[in-house]
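Counting convention: from 1, in listed order, for ligands and their atoms alike.
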Amino acid sequence: MYVHNYDTVIIGSGLAGLCAALEAKNAGTVAVLAKLYPTRCHSTAAQGGIAAALGNEEPDSPEWHFYDTVKGSDFLGDQDAIEVMCEDAIRTVVELEHMGVPFSRIPEGKIAQRRFGGHTREFGAAPVRRACYSADRTGHAIVFALYEQCMLKGVEFFSEFHVLDIVVEEGRCQGVLAMEIKTGKLHAFQAKATLVASGGYGRVFKTTSNALASTGDCLGMLFNRGVPLQDMEFFQFHPTGIYGLGILITEGARGEGGVLRNSRGERFMERYAPTIKDLAPRDMVSRAILTEIKEGRGIDGKDYVYLDLTHVPRKNIEERLPEISSFCKIYLGIDPAEEPIPVLPTAHYAMGGIPTDVDGRVLRDEKGETIEGLYAAGECACVSVHGANRLGCNSLLDTVVFGRRAGRAINKELKGLRQGNIKKEIVNQVFEEIDRLLNSKGKEKIGKIRKQLQQKMMEHCSVFRTEEHLRMLLNELKNIKERYRDIGLKDTSRAFNTELLEAIELGHLITISEVIAESALRRTESRGAHYREDFPKRDDENWLKHTLAFKKNGSIEFAYKPVRITKFQPEERKY
Ligand SMILES: Cc1cc2nc3c(=O)[nH]c(=O)nc-3n(C[C@H](O)[C@H](O)[C@H](O)COP(=O)(O)OP(=O)(O)OC[C@H]3O[C@@H](n4cnc5c(N)ncnc54)[C@H](O)[C@@H]3O)c2cc1C
């Protein structure tokens, strides 16, 4: 057992973690823990861009961005937080540029911008060019620039350290316990401030654009320690995953002029969103695609539609979409400039997560009480700027804006925080759990259970939901939990025991799936990405509120809190 003492410990080297680290380093020592090599975080996979109303290509304003985000969220986003994000977007992108991010340019030298779903001018009049990008490798470009800045500043990285527990005790966060994957040794990181920036959990679904590591471990840990999870019923399906694989084709492809077509060759989004068509928000486009398929207009009667880029100039595809172009060649053997791409919605983004205030402080209840020394930012957090549905390019913005704000809050509050102290009993509990798993001799295999879980989540809890299906899912989850208790591990070694880590991740996937299903069952309305076929209307009278799920006495209990509305009253969501 190794014990480390830091002022700040950050879980996750994605954009949220890196931005927070840069700020927190101004006040003291910082350790960043990541279960992968730091630059292999999922942020590196972000393709299309980061939103900011720079107005480089056409007039734009932060207020329009604010309105679009509120409307995109189906009025569930907290407007004070959304305003903070949109107002800070321009400064953020300029700062990233100064840190060395190689954004794509227009001929006069300014940062280039393209269209993205739900981003409009003049409060919904027409699509606007608001996404700043670095070809279709925007996340990669930003992660590498920030990682370099962190190295320069002396942030310490612990690569391939898998966090096993976040110790919240006596009303405060004491630090974290992690396993060094290379050796299997346990390390305690005691800290004054702990920031969770552990990303999303798309791996609860069978078809997803998310990396293998997006398993939501830290949400599971905190939930088990009594911290609530907010708005978990809202999970975004991106309309254009490669058929059969789920690999993402960025919305930037439609931003560059691509259109969706059904088996009749019809540009069907004209019917669903007459004003902005293929650039409608993702929840609407995903439902439209699946409706086309349900009504028999999938390509060749099958369950996919086409994303057609064949009319987009080849030069634009090569310069602005090289990554997805190569994906199509590698995985499908087609050239998107010549042939349409078969696509189907893919699980993409978690709107829900750990509740925080606008400075990343984790909230313990619906009244807004905080937990001393515990912060969260990025996709694992719910601040909530995305409400019931996130707009494309707003996540990178969220990670950078709120990662930085959390880092700054730590900076200010560090002096008043005591050094964490992780008790021996807690360490022993974790040791025992690892030993139990290593010695487990049950008959069930992790891979099989995970497959069943992902399959059932997809079948019963994806784009369309009903009470009947959600109840079926909850029954399945009971069975899955029983099977999980009877697993057997083949690998009993300590070094690089990926089987052990997968078993731990699976435990968290199951916990999160249960919270998603229970939260979705209770919300008897349709809003954003949560669509209930048995309650197809949005119900502002009863449901204009956030869900908070708590673990209490072994079961899940719920509380609700109002949405913060400062400027834009809920209206019908037409595009
Ligand atoms: C394919 C794809 C394309 C996207 N494109 C865009 C886009 O163009 N624009 C946009 O705005 N958004 C996009 N998104 C969404 C956006 O990229 C993510 O929401 C965002 O990058 C999340 O950043 P993060 O810092 O919160 O976490 P991540 O980048 O996911 O990082 C999580 C970190 O936590 C660590 N971690 C997790 N669990 C543990 C553990 N138990 N122990 C130790 N470490 C742990 C991981 O190792 C990693 O370092 C895209 C997402 C995907 C999947």
Could you note down all residue pairs passing side-chain hydrogen bond (donor to acceptor under 3.5 Å, both in side chains) where residues 41-53 supplies at least one of them, sequence neighbours left out?
-> none
For the residue pair Gln236 and Asp283, confirm or rule out a side-chain donor-acceptor distance under 3.5 Å.
-> no
Side-chain donor-acceptor pair under 3.5 Å between Glu180 and Thr183, yes or no?
-> yes
Using only heavy-atom distances, determine whether the side chains of Asn210 and His348 contain a donor-acceptor pair under 3.5 Å.
-> no
Is the Tyr349-Phe237 ring centre distance short of 6.0 angstrom?
-> no
Taking any residue with a non-hydrogen atom under 4.0 angstrom from an atom of ligand 1, which ones do you get?
-> Ile11, Gly12, Ser13, Gly14, Leu15, Ala16, Leu33, Ala34, Lys35, Leu36, Cys41, His42, Ser43, Ala45, Ala46, Gln47, Gly48, Gly49, Phe161, His162, Val163, Ala197, Ser198, Gly199, Ser209, Asn210, Asp217, Leu248, His348, Tyr349, Gly378, Glu379, Arg390, Cys393, Asn394, Ser395, Leu396, Thr399
Output field: ring centroids His530/Phe235 closer than 6.0 Å | no
